[in-house]
Amino acid sequence: MKYIDEFRNFDIAAKIFRLIKEEAKDLEPVNFMEVCGTHTMAVERFGIRRMLPENVRLISGPGCPVCVTPKNYIDRAIALTNLEDVIVFSFGDMLKVPGTNTSLFKQKSRGKARVVYSAFDAALFAEKNQNKKIVFLGIGFETTSPTVAATVKYAKKKRLKNFFVYSGHKVMPPAMKLLAEDKKVNIKGFLCPAHVSAIIGMKSYARICEGYNIPCVIAGFEPLDILHSVLMLIRQVKSNKAKVENQYNRVVKFSGNIKALQLIDEVFSINDSDWRGIGVIKNSGLVLSKGYMDFDAEKKIDLPDIKTSADKGCICGSVLKGIKTPLDCGLFSKKCNPDNPYGACMVSSEGACAAYYRYRK
Ligand code: SF4
């Protein structure tokens with residue numbers, strides 16, 4: 001198949017649904033987790049979650065980069081905008097996430113926070129405005145970190161003294177490992193993230209799969225991709241043999257994107273990282289490595305201690321771990337909606353709460 005329409009073919013979808021129903025007939029109830037925010041959107045958009053048999057439960061995981069960025073990071077980014085000569089650059093969704101007292105969006109009207117489509121745009125701005133300190137908010141998974149790494153290399157080559165990255169980058173496998181260990185979530189299979197897998201490759205899931213006997217299927221984003229991947233997971237569970245399978249083999253390779261991985265390795269080092277509502281996960285974050293420390297906002301710009309308060313009533317953490325759904329939140333669609341988001345999962349275009357609101361309201 002070559003065209004999007006073919007991956008949305010109703011007759012083929014119906015056939016796969018019939019196969020899923022047939023194969024799942026005698027199955028004990030299972031939880032499969034879609035780890036990627038783009039999968040969550042597609043699953044809701046095409047109504048896949050609600051059409052699966054009752055004993056096959058698809059739950060959402062921590063695959064939305066804006067959602068997993070902790071509130072303290074937002075508060076610190078806002079504090080950066082209060083410093084003279086500092087302008088913060090970020091992807092759009094981040095600006096709308098509420099901090100403890102305000103949001104980056106409110107700082108935008110003061111010209112202290114700006115939206116860019118790439119880290120490179122921020123570096124170009126820094127090059128042309130050397131009297132300002134430009135801080136780029138580096139958030140996202142292995143999908144975005146290579147482009148930020150390439151930008152930092154560019155800044156080094158150009159000897160920019162006024163470009164910095166505040167790194168909140170995260171890597172996915174340690175979070176999946178943590179969830180695989182969590183008996184409360186009780187995951188019987190992962191729909192592995194497609195974009196992330198294009199970078200890290202199929203090989204990166206072997207330890208999770210073998211270590212916890214959890215089937216892993218790398219899934220594409222179209223409805224037939226997702227349905228086919230669910231069927232593959234069911235078949236693995238029934239055969240009681242966990243393996244890593246690559247349904248998205250038109251994009252994802254066994255070893256991933258070697259060049260992108262080399263860029264990440266050169267510019268970043270692994271460290272422990274705080275995930276919103278989940279806590280610190282060992283070796284799950286990226287900070288700038290020794291050779292690129294001059295571009296590390298945390299090292300080069302002094303910030304006072306920031307006090308962050310919790311979002312009362314928001315259950316984003318449980319939603320991100322797959323323990324609860326947005327419908328379990330008392331604030332969903334009332335106090336919290338896309339026009340007035342109370343928590344990060346309602347802000348992002350990849351957030352589970354935003355997906356439920358958009359396609360279930
Ligand atoms: S609906 Fe809003 S308040 Fe509730 S969990 Fe989602 S983001 Fe948080």
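Both counts, for ligands and for their atoms, begin at 1 and track the order of listing.
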_Determine whether the aromatic ring centres of residues Phe295 and Tyr166 are separated by less than 6.0 angstrom._
no
*With 2.8 Å as the limit, jot down which protein N, O or S atoms are around atom 4 (Fe) of ligand 1.*
Cys329 SG
*Qualifying residue, where the test is side-chain contact (heavy atoms from CB on, under 4.5 Å) with Val244 and the options are Cys209, Cys192, Pro215, Ser204*: Cys209
*Could you check Val35, Val252, Val251 and say which one makes a side-chain contact (heavy atoms from CB on, under 4.5 Å) with Ser197?*
Val252
*So, the side chain of Asp328 versus the backbone of Thr325: is there a donor-acceptor pair under 3.5 Å, distance only?*
yes
*Check ring pair (Phe, Tyr, Trp, His ring centres under 6.0 Å) between Phe7 and all other residues, then give those that pass, not counting sequence neighbours.*
none
*When you check the side-chain N and O atoms of Glu34 and Ser60, is any donor under 3.5 Å from an acceptor?*
yes
